[in-house]
Structures are given as C-alpha cells and as structure tokens.
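Letters go in sequence order (proteins before strands), and every chain restarts at 1. If you're wondering where the values come from, they're calculated on a predicted model, not measured in any experiment.
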There are 2 protein chains.
Amino acid sequence: MKKRAENTTGIREIAKRANVSIGTVDRVINNRPGVSAKTKETIQKIIEELDYQPNIMARMLASKKVIRIAALIPSVSNETGYWNAPLKGINEAASEIRNFGVVVDNYFFDQNAKQTFTDQADNILKQNYDGLLLAPMFENESIAFLSRCRQNHIPFVLINSDLADQANVAYIGPDLFQSGYLAAHLSKYLISASQTVLVVNISREIDLHHHLLKKEEGFRTSFEKEHTGVAIDKVDINETDYDSLQKTLKRVFKKNKPDLVFVTNSRVSSVARFFEENKIQDVKLIGYDFLEENIEYLKKGTIDFLICQKPQEQGYKGVMSIYQHLLQAPVESVQYMPIDIITKENYSYYKN
Amino acid sequence: MKKRAENTTGIREIAKRANVSIGTVDRVINNRPGVSAKTKETIQKIIEELDYQPNIMARMLASKKVIRIAALIPSVSNETGYWNAPLKGINEAASEIRNFGVVVDNYFFDQNAKQTFTDQADNILKQNYDGLLLAPMFENESIAFLSRCRQNHIPFVLINSDLADQANVAYIGPDLFQSGYLAAHLSKYLISASQTVLVVNISREIDLHHHLLKKEEGFRTSFEKEHTGVAIDKVDINETDYDSLQKTLKRVFKKNKPDLVFVTNSRVSSVARFFEENKIQDVKLIGYDFLEENIEYLKKGTIDFLICQKPQEQGYKGVMSIYQHLLQAPVESVQYMPIDIITKENYSYYKN
DNA sequence: AATATATTCGTGTACGTTAACGGAAGGTGT
DNA sequence: ACACCTTCCGTTAACGTACACGAATATATT
C-alpha cells in the first residue's frame with residue numbers, strides 16, 4: 001500500500017489558482033451568498049477545468065447536519081414473518097449510512113388494527129422528520145397521512161404496495177399485476193386445459209385487499225388471453241386463523257375440488273397445511289414469499305412454486321432512495337422488483 | 001468556537017473512559033505495538049461495551065494509504081457479450097469505493113487465446129497490487145498464476161467459476177452442479193417420460209469445458225434420481241461460429257431428433273437461430289444468461305427458459321469482497337449466486 | 001464628511017482518525 | 001556512575017471540507 005499521489009485537486013488548490021481563500025471557494029461550491037459575480041465566475045471556471053469532485057468523506061466529516069428518516073411498516077406478527085425481511089433491509093441500509101450523518105427510526109403498526117397505524121402516523125408527524133419510508137397497507141389512512149406529509153414538506157418513499165398519485169419520491173416493490181400474470185404462466189405448466197383453478201385471498205382487513213386483487217387480475221388476464229378453457233374460481237377468507245381457513249376450504253373443496261390453488265399472499269403455508277392434514281396430494285399449489293414455513297412445504301412438495309420479490313431489498317432500497325433524494329440526487333421513481341421463482345431446487349440459493 | 005459534542009462515541013470517548021490518550025486507543029484499534037497487555041485489555045473491553053464502530057470517513061481522510069486492486073476477466077467478444085455484466089459490476093463497485101482510497105485496474109484476456117491470459121497475469125504481478133479479482137477460465141494457467149500470487153502475498157477472489165484448494169479469500173459465482181440440476185427440474189415440466197434430451201456444450205478451448213461439465217453432471221443427476229426414463233444425448237461443439245454449429249446440429253438432429261435441448265452456456269441463442277432457420281418448433285430449449293440476443297429468442301418463444309446467475313453482482317461483490325478482506329473485515333468464503341429463472345413473463349424485471 | 005449599512009472576503013476551529021515524534025520510566029552493560 | 005536501550009504512552013499536525021466570526025472594502029444615508 002503506497003502513499004497517496006500528490007493531490008493537486010481540492011478546495012485548497014482551487015483557492016490558490018483563483019487567488020482567493022478557501023472560504024470563498026467554499027461559498028461558491030455550496031452556492032452560498034457573499035461572493036461577487038466576477039469572483040464566482042472565475043472560481044467556477046477553475047472548478048470545471050480541474051473537474052473538481054468534492055471529497056465526500058471530508059464533507060460528511062465536517063458537516064454537522066443530521067438527516068432523520070422515519071420508517072413505518074407492519075410489525076412482525078406471529079401469523080406471518082414477512083416483514084422481518086424488509087426490516088432487515090432497512091436496518092442494513094441504516095447502518096451503512098450512519099456514518100454519513102443519517103438516523104433511521106423504525107415505527108411499527110399492527111396489520112389487524114388500523115388504530116395502531118394512525119397513532120404511529122401522528123407520532124411521526126410530531127417528530128418533524130426529514131423523510132419518510134412507508135408501507136401503505138391501509139389505503140385510506142395512508143392517503144390521509146401522506147397528504148399531511150406533503151403539507152409539512154416531508155418527502156416519502158412507498159414500498160411493498162403502490163398508491164396512485166401521491167407525489168411520492170419513489171415506489172419500490174412488486175408490479176402486482178405482472179406478478180399475478182407470471183403465476184398464471186407457471187400454472188399452465190402444472191395443469192392442462194379444461195381443468196379448474198382456485199384463487200384464494202386471505203386477509204383480515206378488507207383494506208388490504210386491493211393489494212391482492214391486482215395480483216388476481218393479472219392472474220386472470222393471463223388465462224383469458226390464451227383461451228385455455230381453464231375455469232377460475234375464487235374465495236375470499238377474511239380471517240387469518242387456521243380454523244376459519246380450514247372451514248372455508250373444506251366447503252369449497254367439497255363443492256368443486258380444484259386442480260390448482262393460487263394463494264395471493266404469503267399465507268400459502270396455511271393452505272399447504274390444510275392439504276397435508278387432509279391428504280390432498282393431487283392439487284398443485286402456488287403462493288408467495290420466502291418464509292420458513294412456506295419453504296418447509298416447498299421442500300415436501302406440497303407447494304410447487306413460490307413467487308418472491310426481494311422484500312429485504314425493498315427495505316434497503318427504500319431507505320437508500322429517500323436518502324438519495326434528500327441529498328438532491330435523482331431517484332428512479334418506480335423501481336419494480338424482479339419476480340423471482342422459487343422451487344425445491346433453487347430455494348437454498350435464494351437471497352431475500 | 002464550538003465545543004466538541006459531549007456524547008461522542010469516538011476514539012476520544014474511549015480514551016477518556018480508559019484514562020489514556022487517543023494515541024494509545026488508536027494503537028489498540030489498529031493493532032499496533034507499544035501498548036501494555038493490561039492497558040490493551042481495558043481499552044478493548046471499553047470498545048466492546050460501547051460497540052464502537054470507527055468512522056470510515058475520518059479514517060480514510062486521515063489515512064494516506066491507497067489500496068490497489070487488479071481485476072482480470074475475459075474481454076467482451078463479439079461472440080458473446082456476457083462479460084459486459086461482470087465488468088459493469090466491477091466498475092460500479094470501483095466508483096463506489098473510489099472515495100475510500102481504492103483504485104481498481106481492469107485487465108482483459110481473450111477466451112480464445114491462452115497467451116493473452118498469461119501475458120496479463122505477468123503484467124499484473126509486476127505492478128505489485130494489494131489484491132486481485134480473477135475469473136479463472138483457463139484452469140492450469142490460473143493455478144500457476146495464483147500460486148505466484150500466494151508467494152507474493154497477494155490475496156485474491158475468484159468469480160464465475162471455482163477452483164479447488166487455492167486458498168482464495170472467496171469464491172463468488174454459481175454452484176454449477178446445482179444450476180444444471182435446476183435446469184433438469186425445469187425440463188421435467190416441459191417434456192414427458194420416455195422423451196429425448198440433448199445436452200449441448202459449446203466452447204472452443206477445451207480448458208473451459210470443466211466449467212460446463214459440472215452443469216451437465218447436475219443435469220444428468222437430476223434425471224437419474226427420478227428414473228424418468230428420459231434418454232440424454234450429448235454433443236460437444238468445439239467451434240463457436242454459427243456454421244460449425246449448424247453443421248453439427250443438422251447431423252445430430254437427422255440421426256435422432258430430441259424433444260428438448262439444454263445448452264450449458266450463454267451461446268444458446270445460436271441454437272435458437274438454428275431452430276428458427278430450420279423451422280424447428282416442437283423442440284423445447286433451455287440455456288443460460290440474460291443477453292440481448294437470448295432475450296430476443298425468449299420473447300419469440302424459441303427459448304423456453306433462461307437460467308441466470310447475476311453476473312453483474314458477481315463483479316460487484318467480487319471487488320467488494322477483496323476490498324473488505326484488505327480492510328481486515330471477515331468475508332464469506334463461498335458466495336453462491338441465486339439461480340434465477342427467466343421466462344417470457346418476467347424477463348423485463350430481471351436485474352443482472 | 002461622518003456615519004451607518006451591505007457586500008465581499010479571509011481566518012480559525014472543528015469533524016474523527018492516522019501516524020510521526022518525542023518524553024518518561026525503568027532496565028542493561030560497562 | 002554514565003550512556004544507551006526498551007517499553008509504554010501522550011502530543012500534535014495533518015487529511016479536505018463546513019461554517020461561524022469578523023475584517024476590509026464599497027455603497028448608501030444623513
């Protein structure tokens with residue numbers, strides 16, 4: 001490891017060449033007032049000539065500014081560990097930019113209790129953050145919250161599910177429609193024409209349904225497009241406990257047993273459990289997300305495919321995007337996650 | 001005339017708590033001699049207690065060290081643009097850590113000319129780099145090169161294909177066997193029992209073959225395990241131009257037309273072209289890598305699946321890993337890339 | 001003309017760390 | 001006794017930038 005080469009760049013060199021002090025150069029670089037037009041121009045010319053790039057290290061070291069970001073996401077429930085992954089991504093990003101003077105505070109709400117969401121939203125607004133990362137699970141409440149953020153000039157990034165026309169800095173998450181569309185495509189390898197498919201939406205709060213419906217729409221569109229003659233049934237289950245699910249599925253299966261079941265979210269493991277307990281082996285099963293319980297059933301072959309969309313990366317990129325925006329850097333406003341297909345063979349290599 | 005912050009968690013605070021000077025603390029942190037065992041211990045205890053993380057900014061600012069890394073990978077040929085992606089990853093990493101006093105120099109060799117590899121290797125050794133990133137395409141030459149690196153105490157990271165027992169800091173790339181295994185699994189959705197599969201290895205230098213053979217091995221193993229009764233033929237093509245390929249395939253297809261073709265590398269588009277030109281539509285096709293020409297055939301349906309293993313990320317992580325290692329940070333020694341499945345439906349969301 | 005006010009600029013200190021330098025205390029050999 | 005090490009530790013000047021403070025100069029006001 002050698003010594004660094006003689007540095008002829010830097011604010012100091014610019015000052016020397018312009019015959020001014022570094023203070024003046026600093027004012028020009030940071031676009032602060034107090035420099036005559038003439039001086040400013042000569043300095044800017046020299047900056048261009050040298051292709052001067054400020055040293056980020058020194059800048060961050062010297063700057064006492066602190067950027068404060070709030071993240072509001074669902075808490076990890078015992079019903080689904082999905083939000084573990086985004087949280088991990090958020091924390092990873094947070095620790096990466098901690099040295100850059102960024103503080104990320106995490107707030108959590110209960111997906112089964114709207115009140116917890118609005119409470120935390122109020123909480124966040126009181127603290128006067130510089131930016132916000134939000135998983136807008138409750139549609140109406142989120143819209144209200146974001147409207148107040150706009151009033152307070154707090155920029156925000158949405159992850160996991162999108163909301164139209166919110167003037168958000170970025171959306172980072174799945175293309176829900178396309179994700180359902182792909183699920184249908186995979187299904188076509190698993191069943192043949194004139195067989196029956198069952199779409200299962202499992203979620204307690206009806207507000208969370210819009211999220212699932214887009215996937216269902218994509219799923220149906222794919223089948224309709226190709227005129228496969230496949231019949232698509234559907235059932236909504238508004239309770240997340242296993243007993244309710246079992247009761248409903250028993251009824252549906254008795255009436256018309258499907259050849260393939262498509263679960264529109266991560267609760268596919270409950271359906272798999274239902275299959276196992278009732279010795280249903282000839283029905284294919286597709287669902288979402290790389291969760292331990294899902295993987296167990298994937299290993300056993302009860303679940304055929306899982307679709308996953310990088311939840312951890314969503315958290316990571318969410319934080320990074322709001323941070324970039326606060327640094328005035330341009331940010332891609334729609335960042336769709338890749339649609340990953342997980343099978344028995346490749347799950348051990350999957351990285352959330 | 002501002003006072004230093006009180007609640008500082010830096011080297012200064014540690015010094016205060018340990019009743020020593022920051023110089024001593026610095027010696028302990030950087031593991032330099034000149035500190036009594038007793039003092040060292042108390043300081044280390046305090047560091048643990050505070051969960052002290054050195055400020056990278058300040059460290060890089062104050063340190064006059066420059067870390068020099070060499071990367072040696074195949075050049076982008078007109079035959080395949082595969083190495084564009086790793087190169088992009090390498091450059092991305094390089095520019096991310098440039099401010100941290102790291103210089104990455106790229107060296108290229110021609111996959112069809114061993115000599116270029118050894119020439120560049122000599123070149124690199126002369127320059128006395130601190131670390132090396134290598135794609136060890138030529139097995140024997142790479143082993144010889146790495147042996148000399150070890151002698152010169154230059155740590156190295158391997159990407160894209162692995163070499164056993166080289167004392168490398170890390171391997172970052174596909175699990176070749178498993179990747180072929182997955183290809184076989186997908187194949188089972190596309191064909192039925194007692195049909196015929198053809199494995200195609202395309203590569204000019206025989207030394208590059210060991211790479212492809214592992215994939216073939218995984219592919220065969222999967223079929224053997226499940227006793228599907230599928231017959232697996234194989235053909236090696238040692239020229240990379242289209243005419244040679246066409247001639248060989250015509251001969252093979254005349255003799256025994258397969259129901260599915262598995263191409264063990266990114267040259268699958270040549271086979272797709274062969275299919276298209278000869279109006280072969282009932283043969284399934286699986287291959288590797290997210291290249292423009294491959295995607296074209298995927299769109300058209302000539303190629304059914306592509307398997308891709310994040311070539312860009314391989315480059316990125318390769319640079320980052322050797323860098324981390326040079327910073328004395330621990331590095332995961334085997335980093336298998338996820339095995340991504342690309343279809344007509346999800347290719348537009350794929351990120352290399 | 002004297003004073004007040006604005007404009008433009010230079011100086012100094014701080015950010016957290018590295019590393020060169022030097023000093024004190026104690027040991028060794030003659 | 002002296003000179004000369006060693007070992008252990010403190011002090012201090014950088015690194016490149018931000019920013020507060022105040023000095024110098026120019027312009028306006030009375």
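Comparing B:Val20 and A:Ile22, the nucleotide of DNA chain D nearest to each residue sits closer to the 5' end for B:Val20.
One distance of note links CZ of B:Phe117 with CZ of B:Phe145; it measures 6.5 Å at 0.5 Å rounding.
Distance CG (A:Asn19) to P (C:dC9): 12 Å, rounded to an integer number of Å. Rounded to an integer number of Å, the gap from B:Met57 CE to D:dA18 P is 13 Å. In this entry the distance linking CD1 of A:Ile11 with P of D:dC19 reads 11 Å, nearest Å. In this structure, A:Arg32 places its CZ atom 18 Å from P of C:dT7, rounding to the nearest Å. Atom NZ of B:Lys16 is separated from atom P of D:dC9 by 20 Å (rounded to the nearest Å).
For B:Ser36, a side-chain nitrogen or oxygen approaches OP1 or OP2 of D:dC9 to under 4.0 Å. Not one side-chain nitrogen or oxygen of B:Arg12 sits closer than 4.0 Å to the OP1 or OP2 atom of C:dG16. Between C:dG10 and A:Thr24, a contact under 4.0 Å exists linking OP1 or OP2 to a side-chain N or O. When the side-chain nitrogen and oxygen atoms of A:Lys64 are compared with OP1 and OP2 of D:dT17, none of them lie within a distance under 4.0 Å. Considering only side-chain N and O atoms, A:Asn30 lies under 4.0 angstrom from the phosphate OP1 or OP2 of D:dA18. Between C:dT8 and A:Thr39, no contact under 4.0 Å exists linking OP1 or OP2 to a side-chain N or O.
When distances run from any side-chain atom of A:Arg59 to the nucleotides C:dT17, C:dC9, D:dA18, the shortest one goes to D:dA18. Closest to the side chain of A:Asp26, from the set C:dT18, D:dA18, D:dC9, is D:dA18. Among C:dA19, C:dC15, C:dT18, the nucleotide with an atom closest to any side-chain atom of A:Leu61 is C:dC15. Looking at the side chain of A:Ala62, the nearest of the listed nucleotides C:dC15, D:dG10, C:dT17 is C:dC15. Nearest nucleotide to the side chain of A:Arg27, out of D:dC21, D:dG16, D:dT11: D:dC21.
Across all strands, B:Asn55 comes closer than 4.0 Å only to sugar-phosphate atoms, never to a base (heavy-atom distances). In this structure, B:Pro54 reaches the sugar-phosphate backbone alone: every heavy-atom distance under 4.0 Å involves primed, P, OP1 or OP2 atoms, never a base. If you check every strand for non-hydrogen atoms under 4.0 Å, B:Ile29 touches nothing.
In the model, A:Glu13 has no side-chain atom that pairs as donor or acceptor with a side-chain atom of A:Tyr52 under 3.5 Å. Side-chain contact check for A:Tyr349 and B:Asp175: at least one donor-acceptor pair (N or O, by modelled atom type) lies under 3.5 Å.
Between B:Asp122 and B:Arg148, at least one side-chain nitrogen of the basic residue sits less than 4.0 Å from a carboxylate oxygen of the acidic one, meeting the salt-bridge criterion.
Considering only heavy atoms from C-beta on, A:Leu327 comes within 4.5 Å of A:Ile67 through its side chain.
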